[in-house]
Colleague: 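Okay, here's the structure, questions in a sec.
Predicted model, so just to flag it, every value in this text is computed and none were measured.
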Amino acid sequence: MAVLERLTSRRARYGTGGIAAFVIGWFLVSLTQPSYVLPTPAAVATTFIEEASSGGLLVAIGQSVLHWIPGTIVGTALGVACGVVAGWNPTIDEVTSPVVRLLRPVPPLALIGFAIAWFGINHAGAAFIIAIGAFWINFYAAYGGVEGVSEDLVDVGRSLGVDGDRELLQHVVIPAASPEILTGIRTGIGRCWMLVVAAEIFGVPGIGRRILRASNNLQVDVVIAYILVLSLLFLIVDTAFRATQRRLLVWRGETR
């Protein structure tokens, strides 16, 4: 515990110093640029307060959350499930491998047309784009984690009476692959916040739509304010998930 407290304290000090250096550097650079190119931190803070006071900030956050949550959950669940199955069963892996290699390079943005045709310009369409991005990250994390489980570990499980695919997956394979699976989930969560902006390109309201509209009007202070909102939302979710991850992986002695 003492070591963990020292590491946390040092990380907090360094993090605070890094943020302070970033803000100072931003301020110095902004003095050399017009406000419509790079506003000062104070100007962005004022805009942030104005957006929050008007209620527009909370509305935009609520709109984005309506498709971020279902998109992240569905994409993560399907990605993990498919990755575990493909990583465990060689036959399924061989059958699905060509399709996976064919579809994996397709970026989520290329599927906007399908999202509009299948779901319309609404939260479901945006959630679909987000789910696609979450799916592949979690699929490969789970696939790699399961595929990397030692055969010796599986044999030990069988020798102790754990038999059948379901029991082996539940009691041996998934716990052994959990570090990679959880890392994939955490990475996917961050990717989904990035995809919020992309998913709102075709007219779905939310933070991303507000950023795009402000960009078209050269309201750089508004753009930066909402980018910082996205960063804060990611930080909150990531911090919560990291705490959960540490609890789940306490058997590994995780300290980071």
Colleague: For the residue pair Trp118 and Phe114, does the interplanar ring angle fall in the parallel (under 30°), tilted (30 to 60°) or perpendicular (over 60°) class?
Modeller: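 Tilted.
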Colleague: Taking Gly83's backbone N and O only, do any of them form a donor-acceptor pair with Trp88's side chain (distance below 3.5 Å, no angle check)?
Modeller: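 Checked: no pair found.
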Colleague: Considering all heavy atoms of both residues, which atom of Gly79 and which atom of Ala142 are nearest to each other, and what is their separation?
Modeller: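 Minimum heavy-atom separation between Gly79 and Ala142: O-CB, 4.4 Å.
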Colleague: Set out, in order, the CA-CA distance, both residues' side-chain angles and the distance that settles side-chain contact (heavy atoms from CB on, under 4.5 Å) for Trp193 and Val237, then state yes or no.
Modeller: CA-CA 10 Å; Trp193 277 121; Val237 176; 4.0 Å; yes
Colleague: When rounded to the nearest 0.5 angstrom, what distance separates CD1 in Ile73 from CD1 in Ile130?
Modeller: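 Separation between the atoms: 11.5 Å.
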Colleague: On a heavy-atom basis, which atom in Asn89 and which in Ile92 lie closest, and how many Å separate them?
Modeller: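 Smallest heavy-atom distance, with atoms named: OD1-N, 3.1 Å.
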Colleague: In terms of hydrophobic clustering (I, L, V, M, F, W, Y; side-chain heavy atoms under 4.5 Å; direct or indirect links), are Val106 and Ile116 co-clustered?
Modeller: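 Yes; tracing contacts between hydrophobic side chains, which count when under 4.5 Å, links both residues.
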Colleague: In Å, rounded to the nearest 0.5 Å, how long is the span from OH of Tyr226 to CD of Gln219?
Modeller: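 It is 10.0 Å, given to the nearest 0.5 Å.
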Colleague: State, yes or no, whether a side-chain contact exists between Pro39 and Ser30 at a heavy-atom distance under 4.5 Å.
Modeller: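 With C-beta onward as the side chain, the pair stays apart.
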Colleague: Let me confirm one number: the CH2-CG distance from Trp68 to Leu230, rounded to the nearest 0.5 Å.
Modeller: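 Between atom CH2 of Trp68 and atom CG of Leu230 there are 11.0 Å.
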Colleague: Name the one of Ile224, Ile211, Ile207 that satisfies side-chain contact (heavy atoms from CB on, under 4.5 Å) with Val229?
Modeller: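 For Val229, the side-chain contact (heavy atoms from CB on, under 4.5 Å) test succeeds with only one of Ile224, Ile211, Ile207, which is Ile207.
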Colleague: What is the minimum heavy-atom distance between Ser64 and Val196, and which atoms define it?
Modeller: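 Shortest heavy-atom separation between Ser64 and Val196 comes out as OG-CG1, 3.7 Å.
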Colleague: Can you find a side-chain donor-acceptor pair between Asp221 and Tyr36 that sits under 3.5 Å?
Modeller: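 No donor-acceptor contact under 3.5 Å links the two side chains.
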Colleague: Within this structure, what is the OG1-OH distance for the pair Thr96 and Tyr143, rounded to the nearest 0.5 Å?
Modeller: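 If I round to the nearest 0.5 Å, the distance is 7.5 Å.
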Colleague: Keeping the roles fixed (side chain from Thr32, backbone from Val29), state whether a donor-acceptor pair exists under 3.5 Å.
Modeller: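 A pair under 3.5 Å: yes.
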Colleague: Give me the atom names and distance for the closest heavy-atom approach of Ala225 to Thr47.
Modeller: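 For Ala225 versus Thr47, the nearest heavy atoms are CB-CG2, 4.4 Å.
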Colleague: Please check if the side chain of Ser53 supplies one atom and the backbone of Glu50 the other of a donor-acceptor pair under 3.5 Å.
Modeller: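 Answer holds: no.
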Colleague: Is any side-chain heavy atom of His171 closer than 4.5 Å to one of Pro175?
Modeller: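 No - every pair of side-chain heavy atoms lies 4.5 Å or more apart.
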Colleague: Side-chain heavy atoms nearer than 4.5 Å, only ILVMFWY residues, links allowed to pass through others: does that put Leu102 and Ile132 together?
Modeller: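 Shared cluster, no.
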Colleague: Does Asn122 use its side chain to pair, donor to acceptor, with the backbone of Ala124 at less than 3.5 Å?
Modeller: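 Yes; judged by distance alone, with no hydrogens or angles, the pair exists.
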Colleague: For the residue pair His67 and Ile129, establish whether any side-chain heavy-atom pair is separated by less than 4.5 Å.
Modeller: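 Sidechains of Ile129 and His67: no contact.
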Colleague: Is the backbone of Ala240 close enough, under 3.5 Å, to the side chain of Thr244 for a donor and an acceptor to pair up by distance?
Modeller: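 Looks like yes, one N/O pair under 3.5 Å.
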Colleague: Heavy-atom distance under 4.5 Å between the side chains of Pro108 and Arg191, does that happen here?
Modeller: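 Sidechains of Arg191 and Pro108: in contact.
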Colleague: To the nearest 0.5 Å, what is the distance between CD1 on Ile174 and CG on Leu168?
Modeller: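 The CD1 atom of Ile174 sits 11.0 Å away from the CG atom of Leu168.
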Colleague: What about Phe234 and Leu66, same hydrophobic cluster or not, with Ile/Leu/Val/Met/Phe/Trp/Tyr joined at side-chain heavy-atom distances under 4.5 Å?
Modeller: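 Shared cluster, no.
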Colleague: Decide whether Gln63 and His123 meet the rule of one side-chain donor and one side-chain acceptor closer than 3.5 Å.
Modeller: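 No, no side-chain donor-acceptor contact under 3.5 Å.
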Colleague: At their closest point, which heavy atom of Ala115 faces which heavy atom of Gly125, and how far apart are they?
Modeller: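 Looks like CB-O, 3.7 Å.
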Colleague: Say whether, by atom type as modelled, one donor and one acceptor occur between the side chain of Asn138 and the main chain of Ala134 under 3.5 angstrom.
Modeller: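 At least one qualifying donor-acceptor pair exists.
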Colleague: Restricting to non-hydrogen atoms, name the atom on Val149 and the atom on Ala176 that form the minimum distance, rounded to 0.1 Å.
Modeller: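 Distance-wise, the nearest heavy atoms are CG2-CB, 4.0 Å.
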Colleague: Evaluate Val100 against Tyr140 for side-chain contact (heavy atoms from CB on, under 4.5 Å), listing each step before the verdict.
Modeller: CA-CA 10 Å; Val100 169; Tyr140 277 107; 3.2 Å; yes
Colleague: Does a salt bridge link Glu200 with Arg210, judged by any charged N lying under 4.0 Å from a carboxylate O?
Modeller: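 No.
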Colleague: Where the side chain of Ser54 meets the backbone of Glu51, is there a donor-acceptor pair that is under 3.5 Å apart?
Modeller: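 Yes: the side chain of Ser54 pairs with the backbone of Glu51.
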Colleague: In the single-linkage hydrophobic clustering (I, L, V, M, F, W, Y; side-chain heavy atoms under 4.5 Å), do Ile112 and Leu103 co-cluster?
Modeller: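 Hydrophobic grouping puts Ile112 with Leu103.
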Colleague: Atom CD1 of Ile185 and atom OG of Ser178: how far apart are they, to the nearest 0.5 Å?
Modeller: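 Atom-to-atom, Ile185:CD1 and Ser178:OG are 10.0 Å apart.
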Colleague: Evaluate side-chain contact (heavy atoms from CB on, under 4.5 Å) for Leu153 paired with Val172, printing each intermediate quantity in order.
Modeller: CA-CA 8 Å; Leu153 185 62; Val172 178; 3.9 Å; yes
Colleague: Report yes or no: do Leu38 and Leu218 belong to one cluster of Ile/Leu/Val/Met/Phe/Trp/Tyr joined by side chain heavy-atom distances under 4.5 Å?
Modeller: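 No: no chain of side-chain contacts under 4.5 Å links Leu38 to Leu218.
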Colleague: For a side-chain contact (heavy atoms from CB on, under 4.5 Å) check, start with the C-alpha distance between Leu228 and Phe48, then their side-chain angles and the critical distance, and finish with the verdict.
Modeller: CA-CA 9 Å; Leu228 292 176; Phe48 181 91; 5.7 Å; no
